[in-house]
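Written out below as structure tokens is the structure these notes cover.
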Amino acid sequence: MLILEILRVAFDSLRANKMRSFLTMLGIVIGVGAVITMVALGTGARAAVEEQIASLGSDVLTVRPGQGFFRGVRSGRAELTMEDAEAVLADAPLAARIAPEMDGTVQVEYGRTNANVRITGSNADWREVNHYELALGRFFTSQEDQGRRRMAVAGGAVPAVLGTTAEELVGRQIRILNVPFEVIGVLEEKGGQFGFFNPDEQIVVPIETARFRILGEERIDSFNVTITDPEAMSAAMGQIEAVLRREHRLRPGEENDFWIQDRREILGTQEEATQTFGFLLAGIATVSLLVGGIGIMNIMLVSVTERTREIGVRKALGATRRAILLQFMVEALALCVLGGLIGIGLGSATSVILSETANWNTDVSLRAVGLAVVFSLGVGLFFGIWPAHRAARLDPIVALRYE
């Protein structure tokens, strides 16, 4: 019964000063809300990066042309060719598959609709190398590539761009630069990843067809290489570098006129940026919790002063130091827990709003809620001990004489 009486008195005191109680726990509300948001953003970012790595493939390296230099002097922009890609596949033991790419944005027509769409010319291994799945139809074969067949596989968002559906588009003809192509398949959507275009808004055609019927170029823009052993990325990069330096006849001391990129590095940079934002939120949360805790301690000290005669009466009627200490500790904890619960709601709502409006990946987990509750209790205990201890040590005779 003593515990119930202490709880009743503590909550009656808080209800008697509703506005003061709310303003006191406002710092806790902001701090806990920031903690919830921080953890939700961090968890969502990690999940998004893991999903992107899985969709891109953790065993893929990308090779692009670079700027050549020799002893600090620019030697002109280098080019990659089909011969480079074939040499890497033949002479780099860790290279399993290779998909050269030629890219360009051209006009595509379907019925009465026309749009500027990115065209990617590649070989029959492109889909497997880039980890795409087919939603409808099929992908073109090596024989169709060598035969320069006019076939196209549309990205998942292309049917909408052309004002139709995937089911309607497969088997129909589109015109790329006024050249008719048969759409033989539609890829499943992957969603935006990194870079400056949406990978779902591209049309893939055989690279030999792109070279001689659409883009009219010999050079390729890049090629992606799958590695037989994902744990041997560094060794694979060394093998590819050695082959390309030989093919480009680069002398010792000359810098590479190409660059090799592990896609996971880009995603790692993206994750670091998200973590930096999370640390910023953590700083806000820490300061808010500290300010909120100081506010609670201040208000509790004021409460002790205001209720000195009440404490004296309670002690004169037999209340022990432990009971007085527990009463003021319960009041401090109640402020923090209530503030924490409101903060959990605020942080969860903020996470949902960020996810819906800014398209950020968020994930409010039980771990975040548990962390927020622990923070709230910790602040209440830490900043409530001194006021409660001071109230418990008051001399009853001095307290009764206090005006």
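In this chain, residues are counted from 1 in sequence order. Heavy atoms only: backbone and side chains are in, while hydrogens, waters and symmetry mates are out.
Considering only heavy atoms from C-beta on, Ile119 comes within 4.5 Å of Val108 through its side chain. Taking the side chain as every heavy atom from C-beta outward, Asp84 and Leu244 approach each other to under 4.5 Å. With contacts defined as side-chain heavy-atom distances shorter than 4.5 Å, the pair Ile176/Ile214 qualifies. With a 4.5 Å cut-off on side-chain heavy atoms, Leu94 and Met233 do not count as touching. Side-chain contact between Glu101 and Ser222 is present, with at least one heavy-atom pair separated by less than 4.5 Å. Within the 4.5 Å cutoff, the side chain of Glu86 has no heavy atoms near those of the Glu247 side chain. Using a 4.5 Å heavy-atom cutoff, the side chains of Ile207 and Met82 are in contact. Looking at heavy atoms from C-beta onward, Pro199 lies in side-chain contact with Tyr132 at the 4.5 angstrom threshold.
Residues satisfying the salt bridge (Lys or Arg N to Asp or Glu O under 4.0 Å) criterion with Arg211, sequence neighbours excluded, are Glu208, Glu218. Taking the salt bridge (Lys or Arg N to Asp or Glu O under 4.0 Å) definition, one finds that Asp103 meets it with Arg118, sequence neighbours left out. By the salt bridge (Lys or Arg N to Asp or Glu O under 4.0 Å) test, Asp221 pairs with Arg219, sequence neighbours left out. The side chain to side chain donor-acceptor pair (under 3.5 Å) test applied to Glu241 returns Asn256, not counting sequence neighbours. Judged as a side chain to side chain donor-acceptor pair (under 3.5 Å), and not counting sequence neighbours, Glu188 has no contacts.
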Quiz: residues 158-175 side-chain donor-acceptor pairs under 3.5 angstrom, not counting sequence neighbours:
residue: Thr165; atom: OG1; partner: Glu168; partner atom: N; Å: 3.2
residue: Glu168; atom: OE2; partner: Arg172; partner atom: NH1; Å: 3.1
residue: Glu168; atom: OE2; partner: Arg172; partner atom: NH2; Å: 2.8
residue: Arg175; atom: NE; partner: Asn178; partner atom: OD1; Å: 3.1
residue: Arg175; atom: NH2; partner: Asn178; partner atom: O; Å: 2.7
residue: Arg175; atom: NH2; partner: Asn178; partner atom: OD1; Å: 3.4

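With hydrogens and angles ignored, the 3.5 Å screen pairs no side-chain donor or acceptor of Asp200 with any backbone N or O of Gly156. Of the possible polar contacts, one joining the Glu144 side chain to the Thr141 backbone as a donor-acceptor pair under 3.5 Å is found. Side-chain N or O atoms of Ser351 include one that pairs as donor or acceptor with a backbone N or O of Gly347 at under 3.5 Å. With hydrogens and angles ignored, the 3.5 Å screen pairs no side-chain donor or acceptor of Lys190 with any backbone N or O of Glu133. Between the side chain of Arg245 and the backbone N or O of Glu254, at least one donor-acceptor pair lies under 3.5 Å. Between the side chain of Ser122 and the backbone N or O of Pro100, at least one donor-acceptor pair lies under 3.5 Å.
Shown here for Val32 and Gly340, the closest heavy-atom pair between the two residues is CG1-O, 3.5 Å. Among all heavy-atom pairs drawn from Arg150 and Phe181, the shortest one is C-CD2, 3.4 Å. Looking at every heavy atom in both residues, Ala210 comes nearest to Val205 through CB-CG2, 3.9 Å. Scanning all heavy atoms of the two residues, the minimum distance from Leu61 to Met237 falls at CD1-CG, 3.5 Å. Across Ala99 and Trp126, no two heavy atoms sit closer than the pair CB-CA, 3.8 Å. In plain terms, the two heavy atoms of Leu215 and Gly104 that are nearest each other are CD2-CA, 4.2 Å.
Once rounded to the nearest 0.5 Å, the distance linking OG1 of Thr62 with CH2 of Trp259 reads 8.0 Å. Rounded to the nearest 0.5 angstrom, Asn224 CG and Arg64 CZ are separated by 7.0 Å. Once rounded to the nearest 0.5 Å, the distance linking CD1 of Ile220 with CE of Met102 reads 8.5 Å. The OG1 atom of Thr209 sits 9.0 Å away from the CZ atom of Arg149 when rounded to the nearest 0.5 Å. The OG1 atom of Thr226 lies 6.5 Å from the CZ atom of Arg97; values are rounded to the nearest 0.5 Å.
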Please walk me through it: do Glu255 and Asp257 pass side-chain contact (heavy atoms from CB on, under 4.5 Å)?
-> CA-CA 6 Å; Glu255 293 187 16; Asp257 57 0; over 6 Å; no
Step by step, work out the side-chain contact (heavy atoms from CB on, under 4.5 Å) result for Asp59 and Thr228.
-> CA-CA 8 Å; Asp59 58 345; Thr228 56; over 6 Å; no
Output, in order, the C-alpha distance, side-chain angles, deciding distance and verdict of side-chain contact (heavy atoms from CB on, under 4.5 Å) for Leu134 and Leu187.
-> CA-CA 4 Å; Leu134 282 164; Leu187 300 169; 3.8 Å; yes
Trace of the side-chain contact (heavy atoms from CB on, under 4.5 Å) decision for Asn123 with Ser142 | CA-CA 7 Å; Asn123 61 10; Ser142 298; over 6 Å; no
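Using bins of under 30°, 30° to 60° and over 60° for the plane-to-plane angle, the ring pair Phe258/His248 lands in the perpendicular bin.
A donor and an acceptor atom, one from each side chain of Asn116 and Thr105, are nowhere located under 3.5 Å apart.
Partner of Ser348 under the side chain to side chain contact (heavy atoms under 4.5 Å, CB included) criterion, chosen from Thr350, Val352, Ile344, Leu346: Ile344.
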